[in-house]
Amino acid sequence: MLLINCPWCGPRDESEFGYGGEADITRPADPDALTDEEWADYLFMRKNPRGLHREQWVHEHGCRRWFVLERDTVTYEITEEDRHSGAPTRPPAKAGIQ
């Protein structure tokens, strides 16, 4: 099992976390101006590097906060945790509910 260090809760088993995909992907400023191919590229195409990779994770069975890890995809070694990642700390509120 992979041991992930939640920046808020400390080291926990990977079964407590959910993988959120590649980090640092910028949403297009004007999605309506994109072609279908460009939109599909934004939605589905991701890097699959061998070596260091920045990933978003959420502590689903803990504090429920998002953070970014830098992980080596070959050795699974986690080299950095970033709590100030810009990832959401909670899901957006539904209309009329705070």
Report yes if some heavy atom in the side chain of Glu81 is under 4.5 Å from a heavy atom in the side chain of Leu69; otherwise report no.
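A side-chain contact under 4.5 Å exists here.
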Would a 4.5 Å heavy-atom cut-off, applied to side chains only, mark Gln56 and Glu22 as touching?
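Heavy-atom side-chain distance check fails, nothing below 4.5 Å.
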List the residues meeting side-chain hydrogen bond (donor to acceptor under 3.5 Å, both in side chains) with Glu55, not counting sequence neighbours, and say none if there are none.
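Per chain and number, Glu55 pairs via side-chain hydrogen bond (donor to acceptor under 3.5 Å, both in side chains) with Trp57, Arg71.
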Ring-plane angle category for Phe17 and His59, please: parallel below 30°, perpendicular beyond 60°, tilted otherwise.
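Correct class here is parallel.
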Nearest atoms (heavy-atom pairs only) where [X] meets [Y]:
X     : Y     : answer
Trp66 : Gly20 : CZ3-CA, 3.7 Å
Thr73 : Pro49 : OG1-O, 2.8 Å
Arg50 : Val74 : CG-CG2, 3.4 Å

Can you tell me if Arg64 uses its side chain to pair, donor with acceptor, with the backbone of His61 under 3.5 Å?
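No, because the side chain of Arg64 does not come within donor-acceptor range (under 3.5 Å) of the backbone of His61.
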Is a donor on one side and an acceptor on the other found under 3.5 Å between the side chain of Glu16 and the backbone of Asp13?
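Side chain of Glu16 to backbone of Asp13, a donor-acceptor pair under 3.5 Å: no, none is there.
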For Leu3, the rest of its hydrophobic cluster, which grows through side-chain links under 4.5 angstrom:
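Its cluster mates, by chain and number: none.
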Checking one residue: Phe44. Which other hydrophobic residues are in its cluster under the side-chain 4.5 Å linking rule?
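So far as hydrophobic clustering goes, Phe44 is joined with Ile25, Leu34, Trp39, Tyr42, Leu43.
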At what distance, to the nearest 0.5 angstrom, does [atom1] of [X] lie from [atom2] of [Y]?
X     : Y     : atom1 : atom2 : answer
Thr35 : Asp41 : OG1   : CG    : 9.0 Å
His53 : Arg46 : NE2   : CZ    : 9.5 Å
Glu70 : Glu77 : CD    : CD    : 10.0 Å
Ser15 : Leu2  : OG    : CG    : 10.5 Å
Met1  : Arg12 : CE    : CZ    : 15.5 Å
Asp72 : Leu52 : CG    : CG    : 5.5 Å

Yes or no on side-chain contact (heavy atoms from CB on, under 4.5 Å) for Ile78 and Asn5, after CA distance, side-chain angles and deciding distance?
CA-CA 9 Å; Ile78 296 171; Asn5 185 39; over 6 Å; no
